[in-house]
*Asks:* 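Starting off with a structure, shown below.
Note on naming: letters A, B, ... go to the chains in the order of the sequence lines (proteins, then strands), and numbering restarts at 1 for each one. Small disclaimer: the values here were computed from a predicted structure and weren't measured. Just so you know, these numbers use all the heavy atoms, side chains as well, and skip hydrogens, waters and symmetry mates.
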Amino acid sequence: MGSIIVDNVTFAYGDEAGGAASPSAGSLVLDGVSLHIPDGQFLCIIGPSGSGKTTLLRLLLGLSEPTSGQLSIDGKAIDGPGLDRSFVFQDYSLFPWMKVQENVEFGIEQASKVLGRALGREDRARIARDYLQRVKMLDAADKYPYQLSGGMQQRVAIARALAMDTQILIFDEPFGALDVKTRRALQGLVEELWSTGCDRKTVVFVTHDIPEALLLADRIVYLSKGSIVADVAVDLPRPRTVEALERDAVASALARELTDLFYRDPNADERDIDEIAG
Amino acid sequence: MKAIANRQFVAAHVLLAALVAVISCMPNHKAITVTYFPLLVALAVIEGIYLLFFFRNAREKKRSTGPSDIIVLVWVLFLVWELASTKFAITPNVLVPTPEEVFDIFRTSYPTLWRNVVSSTSLLVVGYSIGMVLGVVLGVICGWVPRLRAMFYPIANVLAPIPPTVFAPYLVVLLPTFRSASAVIIVLGVFWPQFLAMVLRASSIDQGLLDNARALGVRSTTMIRRIILPYVMPGVLQSLRVSLTTAFLMLTFAEMIGATAGIGFYITNSNIYANYAAVIAGIIVCGIVVTVLSAVTSWIQRRFTTWR
């Protein structure tokens, strides 16, 4: 349970306001994207800024509606936010007025409300503590987000997403604003959580960082100007580490291939190329 | 720094001793019929409050000269007032009452004063609370629902700048009791600024937070209760004191135009009978009431501001 189908999806700005049905070339963000993500796959989406990665995630989350085409989960069309999906954003992942523990509990509460699971207050607290423990943030349970560093906040956001126990996880450049060291630590954490989890969740993970994508993904999709340009399988054994991947010939070849995509892409600018190295 | 604090501490007490000596030993130029005992009690209360601040600062190792400087100024003013009125009668007899007469009012008419304080404070608390709650709740709802915002925000912008006091004469005849008219004036004074501020704040909530909440499936009442209200709360807490000042302004104004109770009424009424000692006593009571309420609101503000 958790396979996603994106069927010939187009998204253009301006149409949400009920404007003309023929999108102009400039406002076209997604241009006929089709993608099938099987249950339990870890998919990374890479591509230059403005390629429509975040828009695709917003459509998956039900925060926006496609101009044409359809997205569905397990054959059921996505028609709004739903709690079969949990998520981690780059910013604003946590509510600043809730303590760490309350943030996680709120996610669990919402998920249980919608999915019809009967969870008492104590159950929620216990689950929240359990997941905070897994991301090593239990000590900060009584702190407010502003008292934590960016990396710690993202750890809590990951704990919240996992604690909601949904079959699909959506990450929108969750580590994009962090320094390299923190980013590596959190990538390791996600890799560890995902490969040791008893039930494999379907993950859609947007990133700028090629080493990050290689570390985490089963499959990498390259998006440019609203279209899928490349779709690569990453058949590397798990568990993976960044160091091991740097020495691995297959991984290095893949990294070169993906880096080349950026260099050859006319829509990628210098900043994109700076960022892909991680 | 410690030495400076001590020097001022000594100066303050020398002044106090001089003041007490002048009050109790120097012959009066003006024949006054009251004793100076209530005045001494008042001085003792002021001294007590000063000592409280002084020793709290000393305990917290704060090198603040504030309390000592303030008390020196207060004693000097008392000395000038006492000398100019009671002792040398330089000031006009009726218009400037002596400190003895003013503080004797507290002895002779404390039941009246207390009754008026209770009347004013209850009216103020009721009007202020209704105005705040309505302003926040309606402001948040109108800020959150675009259609309501588009409808009510322009209307509010027209109505809000009208000073609520202009409604006073009409409200007094329209509403059954004077108290209800005063309450409505206070509510109006507090409501409009709060409403406008809330509409703006609720409608400018960060898109990221909103997306986060929406993607969690948060809707309607949960959205207002768990997301929007906590989001606007720091703004509400910050405006508590300003709104209180507005409420007090409206209250005293309302009381001065036709009430039969309250501090504002007490002052106006004493003024009519040229009892200026009572007028000044009433003003002092006003100061005390507003200071206490202000302290309470700052405490609430500190206590509930958690995340900003």
*Asks:* What heavy-atom pair brings A/Leu94 and B/Asn212 nearest, and what distance separates the two atoms?
*Replies:*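 Where A/Leu94 meets B/Asn212 most closely, the heavy atoms are N-ND2, 3.7 Å.
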
*Asks:* Measure distances from B/Leu210 to the heavy atoms of chain A and classify the residue's part below 4.5 Å as side chain, backbone, both or neither.
*Replies:*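 For B/Leu210, there is no contact with chain A at all, as no heavy atom is under 4.5 Å.
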
*Asks:* Should A/Glu109 and B/Arg226 count as an ion pair when the cut-off is N to O under 4.0 Å?
*Replies:*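 Judged by the 4.0 Å cut-off on N to carboxylate O distance, A/Glu109 and B/Arg226 do form a salt bridge.
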
*Asks:* How many angstroms lie between atom CG of B/Asp211 and atom CG of A/Asp91, to the nearest 0.5 angstrom?
*Replies:*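 Those atoms lie 11.5 Å apart.
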
*Asks:* Considering non-hydrogen atoms only, spot the tightest contact between B/Ala215 and A/Pro81 and give its length.
*Replies:*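 Closest pair (atom of B/Ala215, atom of A/Pro81, distance): CA-CB, 4.0 Å.
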
*Asks:* Taking atom CD of B/Gln207 as the centre, report whether more than 12 heavy atoms of other residues, nucleotides or ligands fall under 6.0 Å from it.
*Replies:*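 For B/Gln207, atom CD is crowded (more than 12 foreign heavy atoms under 6.0 Å).
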
*Asks:* Nearest 0.5 Å, what's the CH2-CG distance between A/Trp97 and B/Leu209?
*Replies:*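 If we round to the nearest 0.5 Å, A/Trp97:CH2 and B/Leu209:CG are 5.0 Å apart.
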
*Asks:* Of the listed residues (A/Gly62, A/Ser93, A/Gly80), which shares the most heavy-atom pairs with chain B below a 4.5 Å separation?
*Replies:*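 Option with the top pair count is A/Ser93.
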
*Asks:* Please indicate whether B/Phe167 has more than 12 foreign heavy atoms, meaning atoms of other residues, nucleotides or ligands, lying under 6.0 Å from its CZ.
*Replies:*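 Yes.
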
*Asks:* Which donor-acceptor pairs under 3.5 Å do side chains of residues 122-129 of chain B form with protein atoms, sequence neighbours excluded?
*Replies:*
| residue | atom | partner | partner atom | Å |
| --- | --- | --- | --- | --- |
| B/Ser122 | OG | B/Val118 | O | 2.9 |
| B/Ser122 | OG | B/Ser119 | O | 3.0 |
| B/Ser122 | OG | B/Arg179 | NH2 | 3.0 |
| B/Tyr128 | OH | B/Leu240 | O | 2.7 |
| B/Ser129 | OG | B/Val125 | O | 2.5 |

*Asks:* Can you sort out the partners of A/Tyr131 under ring pair (Phe, Tyr, Trp, His ring centres under 6.0 Å), two or more places apart, ordered by chain and number?
*Replies:*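 Testing A/Tyr131 for ring pair (Phe, Tyr, Trp, His ring centres under 6.0 Å), a comparison that skips the adjacent residues, returns none.
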
*Asks:* For A/Gly107 versus B/Leu216, what's the shortest heavy-atom pair and its separation?
*Replies:*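 The pair with the smallest heavy-atom distance is CA-CD2, 4.3 Å.
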
